Q: 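Handing you this structure, nothing more for now.
Reminder, nothing fancy here: chain letters follow the sequence lines and each chain counts from 1. Bear in mind that the values here come from a model prediction, so they are computed numbers and not experimental data.
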There are 2 protein chains.
Amino acid sequence: MAADATGALGWQDVAALARARLAARIWPPGAIIPPEAELAREFGVSRSTVNRALRALAEEGWLDRRRKAGTRVAERPVHRATLAIPLMRDEVEAAGHRYGYRLLDREVTATPGLLALQLGMRGVPRVLRLEALHLADGRPWAHEERWISPETAPGVFEADFAAQSANEWLVTHVPCSSVEVSVSAERATGRVAAMLECEDGEAILVVERITRQEGRGVTLLRLSHAPGHRIRSTPG
Amino acid sequence: MAADATGALGWQDVAALARARLAARIWPPGAIIPPEAELAREFGVSRSTVNRALRALAEEGWLDRRRKAGTRVAERPVHRATLAIPLMRDEVEAAGHRYGYRLLDREVTATPGLLALQLGMRGVPRVLRLEALHLADGRPWAHEERWISPETAPGVFEADFAAQSANEWLVTHVPCSSVEVSVSAERATGRVAAMLECEDGEAILVVERITRQEGRGVTLLRLSHAPGHRIRSTPG
DNA sequence: GCCGTCATTATGTCTAGACATATTATCGCG
DNA sequence: CGCGATAATATGTCTAGACATAATGACGGC
C-alpha cells in the first residue's frame, strides 16, 4: 500500500494513477486501455490489485468493462448524484430544529387500482392509508400521505401510528431493498396548503417514493414539503 | 459459483444468503454477525469470497464494518436513491421528443462574489455566463443559466455555444469528478416564465448543479424546467 | 461471399496464505 | 480504582495461481 514505506502500490494508488491518465486524456474517451495483466506488470502489482482498481473506476462510471472486449474509457462519464433518504426526524434535526409529528388520519381502505399497479400488488384487497404532518419547531415541514400494503408489512394494522411515524415503524419492522423516487413541483392547494399553512398556489416540492422488498411493493409515500424546501445530493 | 454444477458458492450467493438472514431478522439490526473466517467455514468458501460479499452489503448500507470491532447490522439501513445526470439531449430524446437548443445569451462578466464562493474559485476575475433554452418538439423544455470558470475549463471562451450546448461541450472537453445537485420548487416569474411560455406563478422545478474537478469548481448550472417536469431516480 | 465453428483473449471470480491495521479487551501497576 | 502498556482479534489488502465465461476474430466449408 501507499502507507507502506516499501513503495509498493495498493489498489487505491492504482485507481488514482488511472484517474490521472483519464483526466490528462492519456486514455481518451472511447479508447481501449491496456489489459489488466499489462498494467499489473507496469505498476508492479498483481492482477487482482489492478482488477480492484479498475472495477472501482467502472462503478464510478469512468470505464466500461466487458469480457474479452477489454476496458474502454466511457465516452461520456454518466454522472450520478446520490440522494440520501433519511428519516424525517433526522432530516429535521439535522437542519437544527425540534422534530414534531402529528397523525392526521388513519383508515383501512379498499386498494385503489392505480396503487395496486404501482406497488405490483395482486390479491391484496385492503391497504392502510395514513395522513400525517411533520413539524419543525412546531411549524409545518412536510405533509405526508402514505399507503402501506399489509402483505409485505405484516402487523401494520396493529401498529400505533399516532405515537410513531410510519417511516420509523417501517424501518424497524420491514426490511426493504429498493426505493424509487420521483420529484416534482406543484402548486399547493386546498387541504395540503392549509396543513402546510401556506398560501394557495405556492410552489411546493412533492416527493413520491415507492419502497419495495424483493420487488414487491411495501409502501407508497407522497410528501409535500413546505415552500422553500431544498433537496440536496450527498457529496461523494 | 452458483452457475457451476459443483455446488460451490460464489460471492453473489453468499451475499444473497446474508441478505436472506438480514430479511429474516436472523441477524437483527444492531447485532454483530459472525466473523468472516467463521462464515467462510460455514459456507465452504474462502474468506476472500465472504469478504467480497459482506463488502458489497456494506456498500449497500446493510452492514457496518469496522476492524476488530466486527460487522454489525445497521440499525436503520440508510436508503439511497441515485439520480442519473444525462445530457439534456438524451433526456429529451429518451422521453420520445425531438431535441432542440437555442442560445439566448452569452457574456463574459466579472466573477460574482457568490459564484466564486460556491465554485471555490480564487483569482479568477472573469467567467463565462450563458443563457440557453432546451426544446422538446419545439416546445420549451428547460431554461438554463450557467457560469463556467475558464480556469478549470480552458478554451471555454473560444467554444461556439450557439452550435453546441454547454453540457455537451464540457462533457467532451473537461473531465469532471463530482457533481452536487440541489432541487427546489419555485414560481415562474418574468423572463424565465416567458421563455418557458408558461403563466406567471406556475410551479416549476429548479435544479442547481455544481460540477467540480478535483474539488475545483468547473461550472454552476441553474435549470428551470417547464411545468409538470418530473425527476425520477434510476432503478437499482 | 456467407456463415458456422473454434481458438484466442480479457475480464470475472475463487483459493490459500500472508501481512497490515485498527480497535478492543486484558492485565498489571501505581 | 484508574490508567497505560500489551495482547488478541476482525477486517483490509496483496499475491500468485487457477479456472470460468463471454465475446471477438480467424478459419474453413459451402
Side-chain angles (χ1 to χ4, degrees), chain A residues 1-19 21-22 27 29-75 236, chain B residues 1-19 21-22 27 29-75 236:
Chain A
M1 326 180 176
D4 277 356
T6 64
L9 302 178
W11 71 269
Q12 310 224 32
D13 304 302
V14 175
L17 285 167
R19 241 187 285 269
R21 294 193 179 182
L22 291 167
W27 293 341
I32 290 197
I33 74 174
E36 293 180 349
E38 194 171 316
L39 292 174
R41 235 178 302 124
E42 181 188 340
F43 293 136
V45 299
S46 76
R47 187 168 78 88
S48 319
T49 304
V50 174
N51 183 285
R52 184 98 150 79
L54 296 187
R55 192 153 36 85
L57 291 189
E59 266 167 31
E60 287 172 32
W62 293 99
L63 301 176
D64 220 8
R65 319 195 74 201
R66 265 165 49 221
R67 280 177 169 159
K68 157 71 182 174
T71 299
R72 182 183 298 276
V73 180
E75 287 289 350
Chain B
M1 325 177 177
D4 276 355
T6 64
L9 302 177
W11 72 267
Q12 311 226 33
D13 304 300
V14 175
L17 285 168
R19 243 187 283 268
R21 294 194 180 179
L22 290 167
W27 293 340
I32 290 196
I33 74 173
E36 293 180 350
E38 195 172 314
L39 292 173
R41 234 179 301 126
E42 181 187 343
F43 293 135
V45 298
S46 75
R47 187 169 79 87
S48 318
T49 304
V50 175
N51 183 286
R52 183 100 151 80
L54 296 187
R55 193 152 35 85
L57 292 189
E59 266 167 30
E60 286 173 33
W62 293 98
L63 301 175
D64 218 9
R65 319 195 74 201
R66 268 165 47 220
R67 280 176 168 163
K68 159 67 183 178
T71 299
R72 182 183 298 276
V73 180
E75 287 289 350

Q: Which nucleotide wins on minimum distance to the side chain of A/Lys68, given the candidates C/dT15, C/dT23, D/dA23?
A: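 Of C/dT15, C/dT23, D/dA23, D/dA23 is nearest to the side chain of A/Lys68.
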Q: Check this one for me: any side-chain N or O of B/Thr71 less than 4.0 Å away from OP1 or OP2 of D/dA10?
A: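 Looking at the OP1 and OP2 atoms of D/dA10, neither is under 4.0 Å from any side-chain N or O of B/Thr71.
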Q: To the nearest Å, give me how far apart CZ (A/Arg47) and P (C/dT15) are.
A: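 In whole Å, C/dT15 P lies 16 Å from A/Arg47 CZ.
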Q: Ignoring backbone atoms, test whether B/Gln12 places a side-chain nitrogen or oxygen under 4.0 Å from the OP1 or OP2 oxygen of C/dG12.
A: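 So the side chain of B/Gln12 is outside the cut-off, no N or O lying under 4.0 Å from OP1 or OP2 of C/dG12.
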Q: Rounded to the nearest angstrom, tell me the gap between atom CZ in B/Arg67 and atom C1' in D/dA8.
A: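 Going from CZ in B/Arg67 over to C1' in D/dA8 covers 16 Å.
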Q: What does A/Arg52 touch in the nucleic acid at a heavy-atom separation under 4.0 angstrom: a base, only the sugar-phosphate, or nothing?
A: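 The residue A/Arg52 makes sugar-phosphate contact but no base contact.
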Q: Between C/dT21 atom C1' and B/Arg66 atom CZ, what is the distance in whole Å?
A: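 So the two atoms are 14 Å apart, to the nearest Å.
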Q: Quick one: does B/Thr49's side chain get under 4.5 Å of B/Leu9's, heavy atoms only?
A: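 Result no, sub-4.5 Å side-chain heavy-atom pair not found.
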Q: Please give, in whole Å, the distance from D/dT11 P to B/Leu63 CG?
A: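 In whole Å, D/dT11 P and B/Leu63 CG are 10 Å from each other.
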Q: Taking any heavy-atom pair under 4.0 Å as a contact, classify B/Glu38: base, sugar-phosphate, or nothing.
A: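 B/Glu38: no heavy atom of the nucleic acid under 4.0 Å.
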Q: Just by modelled atom types, is the B/Gly30 backbone N or O under 3.5 Å from a matching donor or acceptor in the B/Arg72 side chain?
A: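 Such a contact is found between B/Arg72 side chain and B/Gly30 backbone.
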Q: For B/Asn51 and D/dC14, what is the distance between atoms CG and C1' respectively, to the nearest whole Å?
A: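 Rounded to whole Å, this separation is 12 Å.
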Q: Rounded to whole Å, please give me the gap between CD in B/Glu36 and C1' in C/dG17.
A: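 Taking CD of B/Glu36 and C1' of C/dG17, I get 15 Å after rounding.
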Q: Need one value for A/Ser48: base, sugar-phosphate or nothing, where a base atom within 4.0 Å counts as base even if backbone is also close, heavy atoms only.
A: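 Touches a base.
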Q: Run the salt-bridge test on B/Arg21 and B/Glu42 with the 4.0 Å N-O cut-off and return the result as yes or no.
A: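 A salt bridge links B/Arg21 with B/Glu42.
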Q: Kindly say if A/Thr49 contacts the phosphate of D/dT15, meaning a side-chain N or O under 4.0 Å from OP1 or OP2.
A: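 Affirmative; the distance criterion is met.
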Q: Would you mind telling me which of D/dG12, D/dT15, D/dT21 lies closest to the side-chain atoms of B/Arg65?
A: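 Selected nucleotide: D/dG12.
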Q: Would you check if A/Val14 and A/Leu39 make a side-chain contact, meaning some heavy-atom pair closer than 4.5 Å?
A: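 A/Val14 does not reach A/Leu39 side chain to side chain.
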Q: Tell me whether A/Glu36 is salt-bridged to A/Arg55, with the criterion being a basic N under 4.0 Å from an acidic carboxylate O.
A: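 Between A/Arg55 and A/Glu36 there is no salt bridge, as every charged N stays at least 4.0 Å from the carboxylate O atoms.
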Q: Can you tell me the distance, in whole Å, between the CH2 atom of B/Trp11 and the C1' atom of D/dA20?
A: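 That distance rounds to 16 Å.
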Q: Here's a test of your reading of the structure: between A/Arg55 and A/Gly70, which maps to the more 5' nucleotide of DNA chain C?
A: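 Looking at DNA chain C, the more 5' nearest nucleotide goes with A/Gly70.
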Q: Rounded to whole angstroms, how far apart are CG on B/Asp64 and P on D/dA10?
A: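 Distance check: B/Asp64 CG to D/dA10 P gives 17 Å.
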